[in-house]
Amino acid sequence: MKLATWNVNSLSVRLPQVLDWLQANPVNVLVMQELKMTDDKFPADAFAQAGYAAQWFGQKTYNGVALLSRTPATDIVKNIPGFDDDMARVITGTVNEIRVIGAYFPNGQAPGTEKFEYKMEWLKGLRSWLKAEMAAHPKLMLMGDYNITFDDADVWDPEGMRDQIHCTDEERYHLNALVAMGLTDSHRLFAQPPKSYSWWDYRDYGFRRNRGMRIDHILVSAAIKPLVQSCLIDKTPRKNERPSDHAPVVIEIAA
DNA sequence: ATGCCTCAGCTCCTGAGA
């Protein structure tokens, strides 16, 4: 069974690329972030023709998330219960007895800003809900655009980015707190190419120079961890014309 | 270098992304 996460940066613009990618990579589940469209614009028919059931939670201009699956997901939850939020950032469903959480973590802009404070509150809210969710669903995966790097290995220029957004100790504290709850970074279960990133800035030939960061993650619960067979970043769609700035991350599990 | 690119929208500029 394969599952993937991809920040598409506007599904309106990226739909043809997503459909192409699904044809070449017929994963069982794909969670997407940054749809940047209202619910009435979601191309459910196109995905149905491609063989996917869809659940979506859209928003105008920013945010918006979706969960595609070969077999329909059940027990859908939108956003974080118990955490009041104006933004469409999380969609959760059960597929093949696995609780799949697709999340678009807040960007945070810069330390010291209101948006950074919101990011910290959101991360706390996520954790308090996740505790109960993990207890109810031992087989759980938290996948999406985390907008946080684990450490220097996830950053093309660790010195230049030190204490900058995505690389601060405060953000990493919250990321490590998820690990402390029993979640594992599936990417690091395997040997990976050096300088493996999932996002590259559009500016200044970021992708061509591999100036990027690994900020899209798939964390798995203890019950899933022994089943994981691979976790790969697929840079292929980043080479398209008008690509998303993010690449998909794909996990394979025995199931 | 408060730049560089890309997207959406109160669209021919601006805010936000990361």
Sequence neighbours left out, cut at 3.5 Å: what donor-acceptor pairs do the side chains of residues 224-235 of chain A make with other protein atoms?
| from | atom 1 | to | atom 2 | distance (Å) |
| --- | --- | --- | --- | --- |
| A/Asp234 | OD1 | A/Thr236 | N | 3.0 |
| A/Asp234 | OD1 | A/Thr236 | OG1 | 2.6 |
| A/Asp234 | OD2 | A/Trp21 | NE1 | 2.8 |

Sequence neighbours excluded and cut-off under 3.5 Å, please list the side-chain donor-acceptor pairs for residues 176-186 of chain A, or say none.
| from | atom 1 | to | atom 2 | distance (Å) |
| --- | --- | --- | --- | --- |
| A/Asn176 | ND2 | A/Arg172 | O | 3.0 |
| A/Asp185 | OD1 | A/His187 | N | 3.2 |
| A/Asp185 | OD1 | A/Arg214 | NH1 | 3.4 |
| A/Asp185 | OD2 | A/Arg214 | NH1 | 3.3 |
| A/Asp185 | OD2 | A/Arg214 | NH2 | 2.7 |
| A/Ser186 | OG | A/Ile218 | O | 2.7 |

Compile the donor-acceptor pairs under 3.5 Å between side chains in residues 35-44 of chain A and protein atoms, sequence neighbours left out, one pair per line.
| from | atom 1 | to | atom 2 | distance (Å) |
| --- | --- | --- | --- | --- |
| A/Lys36 | NZ | A/Asn9 | OD1 | 2.8 |
| A/Thr38 | OG1 | A/Asp40 | OD1 | 2.6 |
| A/Asp39 | OD1 | A/Gly58 | N | 2.5 |

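When each of A/Asp204, A/Asp157, A/Asp201 is checked for a salt bridge (charged side-chain N to carboxylate O under 4.0 Å, His left out) with A/Arg211, only A/Asp204 meets the rule.
Using a 4.0 Å heavy-atom distance criterion, A/Tyr197 is classed as making no nucleic acid contact. Nucleic acid contact class of A/Asn147 (heavy atoms, under 4.0 Å, all strands): sugar-phosphate only. Among the atoms of the strands shown, none is found under 4.0 Å from any heavy atom of A/Arg211. Within the nucleic acid shown, A/Asn63 has no heavy atom closer than 4.0 Å to any nucleic acid atom. At a threshold of 4.0 angstrom between heavy atoms, the contacts of A/Lys115 are confined to the sugar-phosphate backbone, with no base atom among them.
Judged as a side-chain contact (heavy atoms from CB on, under 4.5 Å), and not counting sequence neighbours, the contacts of A/Thr113 are A/Gln109, A/Ala110, A/Lys115, A/Phe116. For A/Arg242, there are no salt bridge (charged side-chain N to carboxylate O under 4.0 Å, His left out) partners at least two apart in sequence or on another chain. Residues satisfying the salt bridge (charged side-chain N to carboxylate O under 4.0 Å, His left out) test with A/Arg188, not counting sequence neighbours, are A/Asp151, A/Asp154. Under the salt bridge (charged side-chain N to carboxylate O under 4.0 Å, His left out) criterion, A/Glu121 pairs with A/Lys124, sequence neighbours left out. Take A/Glu133 and apply the salt bridge (charged side-chain N to carboxylate O under 4.0 Å, His left out) test, not counting sequence neighbours, and it matches A/Arg99.
Comparing the P positions of B/dC7 and B/dT2 gives an interatomic distance of 24 Å, to the nearest angstrom. B/dT11 and B/dT6 are spaced 15 Å apart, taking the C1' atom of each and rounding to whole Å. Rounded to whole Å, the separation between the C1' atoms of B/dC10 and B/dA1 comes to 30 Å.
Closest-nucleotide positions on DNA chain B for A/Arg203 and A/Asp145 were compared, and the one nearer the 5' end corresponds to A/Arg203. Nearer the 5' end of DNA chain B, as judged by each residue's closest nucleotide, is the contact made by A/Thr61, out of A/Thr61 and A/Gln109.
Between A/Tyr197 and A/Trp156, the distance separating the two ring centers is not shorter than 6.0 angstrom.
Of the residues in residues 37-46 of chain A, none lies under 4.0 Å from DNA chain B by heavy-atom distance. Listed by residue number, the members of residues 164-178 of chain A with any heavy atom below 4.0 angstrom from DNA chain B are A/His166.
Bracketed by its first and final contacts, the part of DNA chain B lying under 4.0 Å from non-hydrogen atoms of chain A reaches from B/dC4 to B/dA18 in 5' to 3' order.
Judged as a salt bridge (charged side-chain N to carboxylate O under 4.0 Å, His left out), not a single pair has a partner in residues 53-71 of chain A (not counting sequence neighbours).
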